[in-house]
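Below you'll find the structure, written out as structure tokens, and then a few comments.
For ligands, and for the atoms within them, numbers begin at 1 and follow the listed sequence. As the structure is a computational prediction, the values presented were derived from the model and not from experiment.
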Amino acid sequence: LVTSPELIDHKGLRETLKEDTFARAKTILNGIDSRSTGAYTHSQGLRAIRENVARFITKRDKIEDEKLISPDSIFLTDGASPGVQNGLRSLIRDSNDGIMIPIPQYPLYSATIQLCGGQQVGYLLNEESGWSLEVEELERSYKEATSKGVNIRALVIINPGNPTGQTLTKGNMEAVIDFCERRDVLLLADEVYQENIYSDKPFNSFLKVADEMGKLETTEIISYHSVSKGFLGECGRRGGYFHLSPAIDKSVQEEFYKLVSINLCPNVDGQIMVDLMVNPPKKGDYSYDQYAQERDDILNSLKRRAHKLVSALNSLEGVSCQPAEGAMYAFPKITLPAKAVQAAQSKGLYPDALYVLELLENAGVCVVPGSGFGQKDGTYHFRTTFLPSESKMDEVTERYKKFHNDFLQRYA
Ligand SMILES: Cc1ncc(COP(=O)(O)O)c(C=O)c1O
């Protein structure tokens, strides 16, 4: 309807689509000066949509003073990735600048740091306690890097985690905020999986926790969100945003504006997708019941699949998997036989890469080796997802189990 506005008055469609759909299309078009999705927009994205994002953040985080979350501090992006890249690009000035990232981490971070010529400063997540993030480890990593002359510019936190699937507790987040304050580092909060929660640990944004600590106006946070995850999963539409917390100086906002202007504007369909994410149908709207039903069905199914996959993995010899509390992944540890390790080395492969290649070839199941994300030395993992449809999950886990047992025998 927004792409071909003449369809808003199409009789046949009027009978098929829900009534509020037309009103929504009109509202979106009214927010576009040209009334056409084919034109450039403001480089930060359409103001009307940024206003909806600001309202979403204010409501989600129960921020009392709504003026603190300004549409000017919001930048719509083509997915979260370009926002992360712009953030890292503006932080890394020379090869002495370091960014702290979790190990294991999502490779967007390691790759962009490398591309910008900065230093990746890893901090290890603690697998034994459910991939928890420990402030002592942040301190260890910070001190080790700074003692070598590295200038730590920012700390990246992925919550819920990819590939590790953990969700942070509030107490843990408070300790992280204190660390950032003590060490004067910017917090990059990757919160793209905020809707994907499968345990009784709720998602809290860093902005909310900072606000509750009375530190909203002093903690510098750039947070990221995306239409790619959650229950929308519209990753091909490339929509997302980043938000600069109120503590971030206005001059930084202006610099970001210049930076994003280089690309003219984020794609308009992705911007509209963000609008749908942050401003979904409300109770009483014609579409609400269907929306709520689909959302709950998807999230409940993901939760069932998460539990099923993790327990199937844990039932195998030599495999241990921490609970998938959030996101869309399980990251099991695999104990590989010495002969498999030798075979991999003789082929110039990481041992976990040999394992996943054989899994693909023998069982047709595609997973990513832990070495692609970084892992504690001497440990091997792979990342798998519970995205296959529920009806396929049993078959996939059966195929995987058979492969794993055959693999252990082959290299016994
Ligand atoms: C932790 C994390 N951050 C960011 C992204 C980027 O997502 P997108 O650019 O599609 O929004 C992903 C994608 O998988 C991710 O897992």
Side-chain angles (χ1 to χ4, degrees), residues 45 49 53 56 74-89 91 99-113 115 120 122-123 125 131 133 154-168 173 176 187-198 203 205-206 221-243 260 263 266-278 302 306 324-331 366-370 372-375 381-388:
I49 296 181
V53 175
F56 162 79
I74 290 156
F75 291 72
L76 303 184
T77 48
D78 297 333
S81 307
V84 169
Q85 285 167 6
N86 275 338
L88 294 174
R89 209 185 203 177
L91 284 161
I99 308 289
M100 292 178 68
I101 60 170
I103 302 292
Q105 53 95 42
Y106 173 63
L108 165 65
Y109 293 93
S110 48
T112 310
I113 294 168
L115 199 64
Q120 167 182 321
Y123 63 90
L125 299 174
W131 296 109
L133 190 168
L155 166 68
V156 173
I157 307 269
I158 308 174
N159 179 42
N162 177 7
T164 37
Q166 82 287 20
T167 317
L168 296 183
M173 295 170 80
V176 169
L187 181 56
L188 297 177
D190 183 328
E191 298 175 338
V192 300
Y193 294 102
Q194 58 189 266
E195 294 285 355
N196 300 102
I197 300 291
Y198 315 116
F203 166 78
S205 77
F206 269 104
I221 309 171
I222 305 184
S223 44
Y224 297 95
H225 196 9
S226 168
V227 305
S228 300
K229 316 295 174 186
F231 50 93
L232 295 183
E234 297 286 345
C235 44
R237 300 197 193 275
R238 311 309 296 136
Y241 70 81
F242 66 92
H243 169 245
V260 299
N263 277 336
N267 84 87
V268 181
D269 294 344
Q271 294 187 45
I272 292 171
M273 203 66 223
V274 171
D275 195 59
L276 299 179
M277 175 177 75
V278 298
L302 281 170
E325 295 173 336
M328 297 169 168
Y329 315 101
F331 196 62
C366 183
V367 299
V368 188
F373 303 92
Q375 55 199 340
H381 299 80
F382 65 86
R383 188 196 74 174
T384 181
T385 173
F386 33 88
L387 288 172

Protein contact to atom 5 (C) of ligand 1 [nearest heavy atom, distance to 0.1 Å]: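 Here the closest protein heavy atom is Y106 CE2, 3.5 Å.
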
Protein residue, atom and distance nearest to atom 6 (C) of ligand 1, heavy-atom basis: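 Going by distance alone, atom 6 (C) of ligand 1 is nearest to S81 OG, 3.3 Å.
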
Check: D190/Y106 side-chain N/O donor and acceptor closer than 3.5 Å: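 No pair is found: no donor N or O on one side chain lies under 3.5 Å from an acceptor on the other.
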
No-hydrogen, no-angle side-chain donor-acceptor test under 3.5 Å, S228 and E234: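 No - no donor-acceptor pair under 3.5 Å links their side chains.
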
Just jot down the ligand 1 atoms closer than 4.0 angstrom to any heavy atom of [X], in number order.
| X | value |
| --- | --- |
| I158 | 1 (C) |
| N162 | 1 (C), 15 (C), 16 (O) |
| G79 | 9 (O), 11 (O) |
| R238 | 8 (P), 9 (O), 10 (O) |
| S226 | 8 (P), 11 (O) |

contact_flag Y224 ligand 1 heavy-atom lt 4.0 Å: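 The answer is no: ligand 1 sits nowhere under 4.0 Å from a heavy atom of Y224.
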
Shortest non-hydrogen contact from I103 toward Q375: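 Answer, listing the atom of I103 first, then Q375: CG2-N, 3.7 Å.
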
Nearest heavy atoms of P163 and R383, plus distance in Å: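 What the structure gives for the nearest pair is CB-CD, 3.3 Å.
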
Plane angle bin for Y198 and F386 - parallel if under 30°, tilted between 30 and 60°, otherwise perpendicular: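 Answer is perpendicular, since the angle exceeds 60°.
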
Geometric class of the H225/Y241 ring pair [parallel <30°, tilted 30-60°, perpendicular >60°]: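 Ring orientation of Y241 relative to H225: perpendicular.
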
CZ (R238) with more than 12 external heavy atoms under 6.0 Å: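 Above 12, so yes.
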
Identity of the nearest option to atom 14 (O) of ligand 1, non-hydrogen atoms only, from K229, H225, R237: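 Answer by nearest heavy atom: K229.
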
Sub-3.5 Å N/O-N/O distance, A80 and ligand 1: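 Yes, since at least one N or O of A80 sits under 3.5 Å from an N or O of ligand 1.
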
Heteroatom proximity flag, D190 to ligand 1, N/O under 3.5 Å: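 Yes; the residue has a nitrogen or oxygen that sits under 3.5 Å from a nitrogen or oxygen of the ligand.
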
Option passing ring pair (Phe, Tyr, Trp, His ring centres under 6.0 Å) with Y193 (candidates F231, Y224, Y329, F203):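 Answer to the ring pair (Phe, Tyr, Trp, His ring centres under 6.0 Å) test with Y193 among F231, Y224, Y329, F203: Y329.
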
